[in-house]
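For reference, positions follow the sequence shown, starting with 1.
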Amino acid sequence: MSINRKIYLSSIFIVSFLVFTSCKKKEVQNNTSKISTKKVIKHLNFDPLLKCSEYSFQQSFYVTADYGCIYNPKNGNNFGNLMFYLIPKDSNNSESIKINELDSKNIKNNFTIYAYLIPPAFLDYNPKGDPVYYQKEKFKEELYTFETTSNQWKLIDSIQVNDYSENEKEQSWRENFIESKTNKTNSEKQLEYSKGYYTHDAIQLDLKTKKYKVVVLEKNSEKDNASGTHFNLPLLILEKKGNDFVEIKRNSAVVFEYDDNCPANGYESIVAKANYFTIQQSSCVDFLFVTSYTTFKIDEVSSSITLHKYGEEYTDRSNPDHSIPSKTWSAKDFGIIKFENTAGKDILKLRRSNPK
């Protein structure tokens, strides 16, 4: 075979190989393109976060305390800011359930679960903030529920908030849904908290997007008490939802107990400023009269309420003109204490040490 012939055949082989390779490459590219455009359905699994926080009881359901589960990729929360609402499947023993002692499996067995999620794309980060991740002015919130039949979390609704003026719309969207899943009407809730009691004192807090009332109750049998003393009074926190104020928190231990060795009046009054409210009480320590000021702070976003500070002013019973320095304790002394867990007998123990 001549040299020219060999060169000619080699050229044909090279060209054919290149054409074949090019076609295969295009085929792979086309197949890759088809795969990348195929819709991938991702099932979220919130199970590991069901125990991210303690739960507090809110009349007929439980909700994650404070800010809920804050976005924290390093500690396993890659989803965003989450708030869980748990509605007991058996409403007859709802308040008796020791929810914080249950594991995730038992929570799913005993409750209908709803999860409100704000994805990371709609969160801003502030290392000094409380919380450190907070929703942007414009954000999207998604509502999921756990389906026992499929054993999966299912997206059932969402809402788009375009600016701060629509925050109340988001809050109503969330609360109206939860209320629709419970069996109590607003009028029934009103009767619940007032049965056997009358309103001894009350104050309203009108915040930017929410309205609250702090109601001090006293038993009907004490209404005509001429002594002027008031001890062991329940305090209720009501939040305006629609046209009604509905109870969201209760505390029957923050007002001091009666002390028959002390001629003090107990509960005196309640005042409010911005998102703070203060309970004034009188008591005794040794030979001193003590005027106490217990101040709580309301978080407008989560509706969580925590003890902000506790102060005391002293008057010598035998020498009222004697000047005695007052004392004020803060979270540096007692940590984070929720309103519903604040007990007067525990507050009084702060007297054992000086404020930090």
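Listed by first then second residue, pairs satisfying side chain to side chain donor-acceptor pair (under 3.5 Å) with a partner in residues 206-216 read Q204-D206, T209-E300, K210-S303, Y212-S303, not counting sequence neighbours. Residue pairs meeting the disulfide (SG to SG under 2.5 Å) criterion with at least one partner in residues 110-169, sequence neighbours excluded, do not occur; the list is empty. The salt bridge (charged side-chain N to carboxylate O under 4.0 Å, His left out) analysis of residues 102-125, with sequence neighbours excluded, yields the pairs D47-K108. Residues in residues 322-340 take part in these side chain to side chain donor-acceptor pair (under 3.5 Å) pairs, two or more places apart or across chains: K327-N354. Sorted by first then second residue, the disulfide (SG to SG under 2.5 Å) pairs that include residues 290-345, not counting sequence neighbours, number zero. Listed by first and then second residue, the ring-ring contact (aromatic ring centres under 6.0 Å, His included) pairs involving residues 336-356 are F296-F339 (not counting sequence neighbours). For residues 74-86, the set of pairs meeting the salt bridge (charged side-chain N to carboxylate O under 4.0 Å, His left out) definition, not counting sequence neighbours, is empty. Annotation: disulfide (SG to SG under 2.5 Å) contacts involving residues 327-356, sequence neighbours excluded, are absent. Applying the salt bridge (charged side-chain N to carboxylate O under 4.0 Å, His left out) definition to pairs two or more places apart or across chains, those involving residues 149-166 are E147-K154, E166-K169. Pairs of residues two or more places apart, or lying in two chains, that qualify as side chain to side chain donor-acceptor pair (under 3.5 Å) and include a residue from residues 136-145 are E141-R174, E142-Y144.
Hydrophobic clustering (ILVMFWY, side-chain heavy atoms < 4.5 Å, transitive): Y134 and F122 are in distinct clusters. When hydrophobic clusters are built by joining Ile, Leu, Val, Met, Phe, Trp and Tyr residues whose side-chain heavy atoms come closer than 4.5 Å, directly or via intermediates, F289 is not grouped with L350. Following chains of ILVMFWY side-chain contacts shorter than 4.5 Å, one can reach V285 starting from I347, so the two form part of one hydrophobic cluster. Criterion: ILVMFWY side-chain heavy atoms under 4.5 Å apart, direct or through other members. Under it, L117 and L155 are part of a common hydrophobic cluster. Follow the hydrophobic side-chain contacts under 4.5 Å out from V216 and you never reach V271; the two are in separate clusters.
Between G68 and M83 the shortest heavy-atom distance is CA-SD, 4.0 Å. Contact between N45 and P48 at its shortest, heavy atoms only, is O-CD, 3.6 Å. The shortest non-hydrogen separation linking L102 to N110 is CD1-ND2, 4.5 Å. Here the closest heavy-atom approach between residue L205 and residue A274 is recorded as CD2-O, 3.5 Å. Listed here is the closest heavy atom pair of F111 and K89: O-CE, 3.3 Å. Minimum heavy-atom separation, V301 to D299: N-OD1, 3.0 Å.
Annotation: the span from K241 atom NZ to E247 atom CD amounts to 10.5 Å, rounded to 0.5 Å. Put simply, CD1 on I87 and CD1 on I113 are 10.5 Å apart, with the number rounded to the nearest 0.5 Å. Here the CZ atom belonging to F334 is positioned 11.5 Å from the OG atom belonging to S353, to the nearest 0.5 angstrom. The CG atom of L207 sits 9.5 Å away from the CD atom of E239 when rounded to the nearest 0.5 Å. Atom OH in Y267 sits 7.5 Å away from atom CD1 in I279 (nearest 0.5 Å). I203 CD1 to S269 OG: the interatomic distance, rounded to the nearest 0.5 Å, is 8.5 Å.
The backbone N or O of D201 lies less than 3.5 Å from no partner atom in the side chain of T199, so there is not a single donor-acceptor pair. Side chain of D316 to backbone of S318: a donor-acceptor contact under 3.5 angstrom is found. Side-chain atoms of R317 come within 3.5 Å of backbone N or O of D286 as a donor-acceptor pair. Of the possible polar contacts, none joining the N81 side chain to the L123 backbone as a donor-acceptor pair under 3.5 Å is found. At distances below 3.5 Å, not a single donor-acceptor pair connects side-chain atoms of N265 with backbone N or O atoms of H230. Not one N or O on the side chain of N341 forms a donor-acceptor pair closer than 3.5 Å with the backbone of I337. A donor-acceptor distance shorter than 3.5 angstrom exists from the side chain of N100 to the backbone of Y55, with no hydrogens or angles considered.
Looking at W153, F46, Y85 one by one, the single match for ring-ring contact (aromatic ring centres under 6.0 Å, His included) with F146 turns out to be W153. Only one option out of W173, F79, F84 pairs with Y116 in a ring-ring contact (aromatic ring centres under 6.0 Å, His included); it is W173.
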For side chain to side chain contact (heavy atoms under 4.5 Å, CB included), just list the numbers for S252 and R250, CA-CA rounded to whole Å, side-chain angles, deciding distance to a tenth of an Å, and then say yes or no. CA-CA 7 Å; S252 299; R250 174 187 292 253; 4.3 Å; yes
Side chain to side chain contact (heavy atoms under 4.5 Å, CB included) between L235 and V215: does it pass, once the steps are laid out? CA-CA 6 Å; L235 262 69; V215 179; over 6 Å; no
Does the side chain to side chain contact (heavy atoms under 4.5 Å, CB included) test come out yes or no for V246 and L238, once each step is laid out? CA-CA 5 Å; V246 178; L238 311 182; over 6 Å; no
Stepwise side chain to side chain donor-acceptor pair (under 3.5 Å) test for Y71 and N78: CA-CA 6 Å; Y71 176 60; N78 300 299; 5.6 Å; no
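Between L86 and T112, the closest side-chain pair of non-hydrogen atoms is not below 4.5 Å. Counting heavy atoms from C-beta outward, F139 and P119 have side chains that stay 4.5 Å or more apart. The shortest distance between side-chain heavy atoms of E257 and F231 does not fall below 4.5 Å. With a 4.5 Å cut-off on side-chain heavy atoms, S282 and C262 do not count as touching. Residues L217 and L236 form a side-chain contact, since some pair of their non-hydrogen atoms from C-beta on lies under 4.5 Å apart. For the pair K51 and I107, the minimum side-chain heavy-atom distance is below 4.5 Å. Annotation: side chain of Y293 is not in contact with side chain of Y310 (no heavy-atom distance under 4.5 Å). Side-chain contact between I270 and V214 is present, with heavy atoms from C-beta onward closer than 4.5 Å.
Under the ring-ring contact (aromatic ring centres under 6.0 Å, His included) criterion, Y314 pairs with no residue, sequence neighbours left out. Listed by chain and residue number, nothing satisfies the side-chain hydrogen bond (donor to acceptor under 3.5 Å, both in side chains) test with T342 (two or more places apart in sequence, or in another chain).
Within 6.0 Å of CD1 on I336 lie no more than 12 heavy atoms contributed by other residues, nucleotides or ligands. By the 6.0 Å contact criterion, NZ on K309 is open, its count of non-hydrogen atoms from other residues, nucleotides or ligands being 12 or less.
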